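All values below come from the heavy atoms of this structure, side chains included, with hydrogens, waters and symmetry mates left out. Computed from a predicted model, the values in this text were never measured in an experiment.
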Amino acid sequence: MPEGPSLYILKEQTARFVGQTIVRAEGNTWAIDTTRLLDQPVLALRTWGKQFFIQMPTMVVRIHMLLFGTYRINEERDKPPRLSLHFADGSFLNFYACSVKEVDCELDALYDWEADVMSDAWNPKKARKKLRAAPDMLACDALLDQEIFSGVGNIIKNEVLFRIRLHPLSTVGALPPAKLRALVEQARQYSFDFLAWKKEFTLKKHWLAHNQKTCPRCHIPFHKANLGRSNRRTFWCERCQKLYQ
DNA sequence: TGGAATGTTGGAAC
DNA sequence: CGTTCCAACATTCC
């Protein structure tokens, strides 16, 4: 569920709730008082990277799916919902095993919307500028930095690095300008490929590096290790992916 | 079947 | 005081 494109799908599927009023709110969340949601109209549903915001007149609730979060629309699961919102027309939206919290209403001041790779506001020039300002950062960490590439997760990281033939331990400052540009371009492009494949339920089938044993390009075994400050699982080909440092 | 994983946070430890 | 490390959360898959 949790990378940016999946949240984009969530936003699409829940657009029908914008403008509706919450007539019942419950769930096992401990972080907010669900009675405060009662009788509030949903003013907007937004995403920033992997986060989902429910904007109401007097509060904004943030949902983060973390690793295991799920949701259902007009459908129950066999697990208790973390947050369940029922609307005047009888429809409902349930979230499970996610993080729920109230955030400051000033969303525009809190988040850099130009950093969201799924957003119309995505600003590749600004992303390159942020990268140039962090020359010591490793490529594998840069892609997971939500301030630069909001919405990119570990799958997208591995696939982008493989696609642009960049070694995960390359330092950002050592990248030739064309490679830096490709990194930024593909962070967005792969995210939209991810979105299309996710919608047709063929995402895993299209993985070239993530969770793979052998390089599909040169057929030698992939390396697999937890790399970088982020210490996340990384798959790469020592032959195809060039190291810059 | 135990362990790891599409992720983040907060607090302890240094 | 800054940074780094680690547990916690909770579900699915192999």
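Ring orientation note: the planes of A:F235 and A:H210 are nearly perpendicular, at an angle over 60° on the 30°/60° scale. Note on ring orientation: taking the six-membered ring where Trp is involved, the planes of A:Y8 and A:F192 are perpendicular (angle over 60°, cut-offs 30° and 60°).
Look at CH2 on A:W207: it is 12 Å from P on B:dA5, rounded to the nearest Å. For A:F194 and B:dT6, the CZ to P distance is 11 Å, given to the nearest whole Å. Atom NE2 in A:H210 sits roughly 4 Å away from atom P in B:dT6 (whole-Å rounding). Going from atom CG of A:L83 over to atom P of C:dA10 covers 15 Å, rounded to whole Å. What separates CZ of A:R62 from P of B:dG7 is a distance of 14 Å, to the nearest Å.
For the pair A:R82 and C:dA10, the criterion of a side-chain N or O lying under 4.0 Å from OP1 or OP2 is met. Side-chain nitrogen and oxygen atoms of A:K50 include none within less than 4.0 Å of the OP1 or OP2 phosphate oxygen of B:dT6. Remark: A:R77 is not in phosphate contact with C:dA10, judged by side-chain N or O atoms under 4.0 Å from OP1 or OP2. Note on A:H64: every side-chain N or O is 4.0 Å or more away from OP1 and OP2 of B:dG7.
At distances below 3.5 Å, not a single donor-acceptor pair connects side-chain atoms of A:N94 with backbone N or O atoms of A:R72.
With distances taken from any side-chain atom of A:L66 to the nucleotides B:dT6, C:dA10, C:dC9, the minimum falls on C:dC9. For A:R229, the listed nucleotide lying nearest its side chain is C:dT3; candidates were C:dT3, C:dT11, B:dT6. Of all nucleotides listed (C:dT11, B:dT9, B:dT6), C:dT11 comes nearest to the side chain of A:K79. Nearest nucleotide to the side chain of A:E3, out of C:dT11, B:dG7, B:dT9: B:dG7.
Of all the heavy atoms in A:A25 and A:L85, the pair that sits closest is CB-CD2, 4.1 Å.
Both tests hold for A:R46 against A:W113: distance to the six-membered ring centre under 6.0 Å, angle to the ring axis within 45°.
Near DNA chain B, meaning a heavy atom under 4.0 Å away, the residues from residues 138-155 of chain A are A:Q146, A:G153, A:N154, A:I155.
Partner A:S99 forms a side-chain contact (heavy atoms from CB on, under 4.5 Å) with one of A:Q51, A:H64, A:R82, A:M65 and no other, that one being A:H64. For the side-chain contact (heavy atoms from CB on, under 4.5 Å) criterion with A:F149, the lone passing option out of A:V160, A:L144, A:I156, A:V184 is A:V184.
Where A:K204 and A:W30 each meet DNA chain C at their nearest nucleotide, the meeting point lying more 5' is that of A:W30.
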